[in-house]
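Proteins come first, then strands; the chains are lettered A, B, ... in the order of their sequence lines, and each starts at number 1.
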Amino acid sequence: MNLFRDFQYEIIKVIEDLEQEGLLPRGLDTARVACEPPREAAYGDVTTNVAMVLAKPAQRNPRELAALVAERLGIHHAVEKAIVAGPGFINLTLARTFWHGRLRDVVEAGTAYGDSTVGAGREVNVEYVSANPTGPMHVGHARGAVVGDVLAALLAKAGFDVTKEYYVNDAGAQVDVLARSLHLRYREALGETIGAVPEGLYPGEYLKEAGHALARRDGEKWLGEPEDVWLAPLRAFAIDAMMTMICDDLAALGVVHDVFSSERALVESGRVDEAFRLLEDRGLIYTGVLDPPKGMTPEDWEPRPQTLFRSTEFGDDVDRPLRKSDGTWTYFASDAAYHLDKFRRGFAIMIDVWGADHGGYVKRVAAAVNALTEGKGALDVKLCQLVSLLDAGEPVKMSKRAGTFVTLKEVVDEVGKDVVRFIMLTRSNDATLDFDLRKAVEQTRDNPVFYVQYAHARACSVFRNAATEMPNIATDDSSLLNVSLDSLTAVEEIDLIRLMAGWPRIVEGAAEAHEPHRIAYYLQELAAAFHGLWNKGNADSDARFLVADEARAAARLALVRGLQLVIASGLQVLGVKPVEEMH
RNA sequence: GCGCCCUUAGCUCAGUUGGAUAGAGCACGAGCCUUCUAAGCUCGGGGUCGCAGGUUCGAAUCCUGUAGGGCGCGCCA
């Protein structure tokens, strides 16, 4: 389906033919032969560097070699002309009928257009959100949630077997604090006056409801009991309540995970001990004393012996501790074991989506994956930079203490999930992002969500008008597939098809690079091309889609249908609903 | 002090894994439209890709150094 890949095969076939005929030395390495759209449209439709890449090994002058290959490519039925340019590029211009064929591909495939097999069914695990189960999600979490969710959808479209996973950090001291905070709210629910929430406990109102729920379920069972009696059951209850709340918030954003992995279960099942022994057996564990970080010794620094993993042997900057002084595992130890667990569940490809504040953690986890999987597991960590929440250009002040903390749910309620999802992808994940609540819902040219949605709505509007104005034209897909496209000759029309035909390549490229934001950018470009064509109809009534000549109108309806389908296909990956009309 | 990320037009940012004359939106400038396919259209000016070296046919992209900004830096997760 990716036409550039198709031409790449054609080119490699030509090279092989030339080798067979003795015109080129045998066994040339064609791995670096690229086939892509040229930067300048004037150069044609497809460009290849084959001659420049093979010139040296073939001991030929690049332009001369290019001429040889271009001559063979010129014979191809889809190629109108093949010319040699610059230092040895071969530029192919494709026949108009070729593009008409690609439009038919789109209409035939529907929103499945762009589906690819490059993933070849390989299993990928995308772990994202993984927010601590101690409170509601805030806006900062939204970015990682969207990036992970769309990346997963993108990989699935590209033919990978994707599992979406959430790692529940339910094992550390913080969930004990959560349990104590719940106990307070539980007493409150049973009529006690608790006053101010003591320092060190979670003061948020969100635990009140959980306190009432616990009181309803268990009555006065935990009143007056010592902490060691109620801690574990209340902790479980609280985590459950928090996870339910988090999942509800995520669902409102359209984010649903396949698997939830518990850190506590990992530890209790002995899988951390197992990973530790594995490292020990490989001689990667020792007891040592770390130097303080140069230039910023912490105030309470004192040298002490620790159980360390030799992560420096795998590219880390210092060796990392695996045990706390009380003998329990550090977070890193269980996270290392968690990644081994994912690998053993069949995921040789693992993607973690984290906030930028965890950037310092990447090397040690990568080192652990490398050591534990003997280099067979591939980990890619996508770090999401900060999101600044604005309202009409003014920063929204956020502070947990002042209670002006903006939750994910509030933002989704305010602007809608589709807007949040799209805006979160209008920047590369490693650039910071401004999210302006006001601008996000404006219906103007510079709101990308509106702009793309509007293109789809306009396409729908054309079909609504066609039904009343041109009732003789059958507009179902199978009818449109049989329409003659010969009248589609305008450069803008062919340009639009060319863009649509580039969709499969965008999907593959974005999936392989793990860069979901490319989809949002592509959709803006596609929408712009369609709006341009539409505007042409404003100035020149012959350029409208619904013209008196029914054969021509039908061909243009096929074009509009194709556009509508590719936009819908892209929005589907983003998890954004394509709207049929604006209001 | 060390590590990671960022630095591209006045502003906010893309840049197809090393390709040809570096792009988009906004802003700015000049025209057009006063209508229908609703919330404008066309054209234009604007760049030493932070800086300096290196790698090669070819660098915004890779390597080294350097400046500025962000994040992080021994038992928190």
### Summary
Between CG of A:Asn535 and P of B:A39 the distance, given in whole Å, is 8 Å
### Message
Looking at B:G74, I'd like to know if its phosphate oxygens (OP1 or OP2) sit under 4.0 Å from a side-chain N or O belonging to A:Lys294.
### Response
no
### Message
What I want to check is whether an N or O donor and acceptor connect the side chain of A:Asn91 with the base of B:A20 at under 3.5 Å.
### Response
yes
### Base of B:A20 and ring of A:Phe89 stacked, centres under 5.5 Å, planes under 30°
yes
### Task
For B:G19, take OP1 and OP2 only and decide whether either is under 4.0 Å from a side-chain N or O of A:Arg39.
no
## Note on the structure
When both distances are under 3.5 Å in a Watson-Crick or G-U wobble arrangement, the nucleotide paired with B:U56 is none
### Summary
Across every strand shown, the nucleotide meeting Watson-Crick or G-U wobble geometry with B:G74 (both distances under 3.5 Å) is none
### Message
Measure CD/A:Glu469 against P/B:C36 and give the value in whole Å, please.
### Response
13 Å
### Task
To the nearest 0.5 angstrom, please state how far the OG1 atom of A:Thr93 sits from the CG atom of A:Asp45.
5.5 Å
### Query
Are the ring of A:Tyr43 and the six-membered base ring of B:A20 within the stacking cut-offs of under 5.5 Å and under 30°?
yes
### Query
Reckon A:Arg458 has a side-chain N or O less than 4.0 Å from the OP1 or OP2 of B:A39?
yes
#### Entry: base_contact_polar (B:U16 base, A:Arg518 side chain, donor-acceptor, <3.5 Å)
no
### Summary
Rounded to whole Å, the CZ-C1' distance (A:Arg63 to B:G58) equals 15 Å
### Query
Any donor-acceptor pair under 3.5 Å joining the side chain of A:Thr444 to the base of B:A39?
no
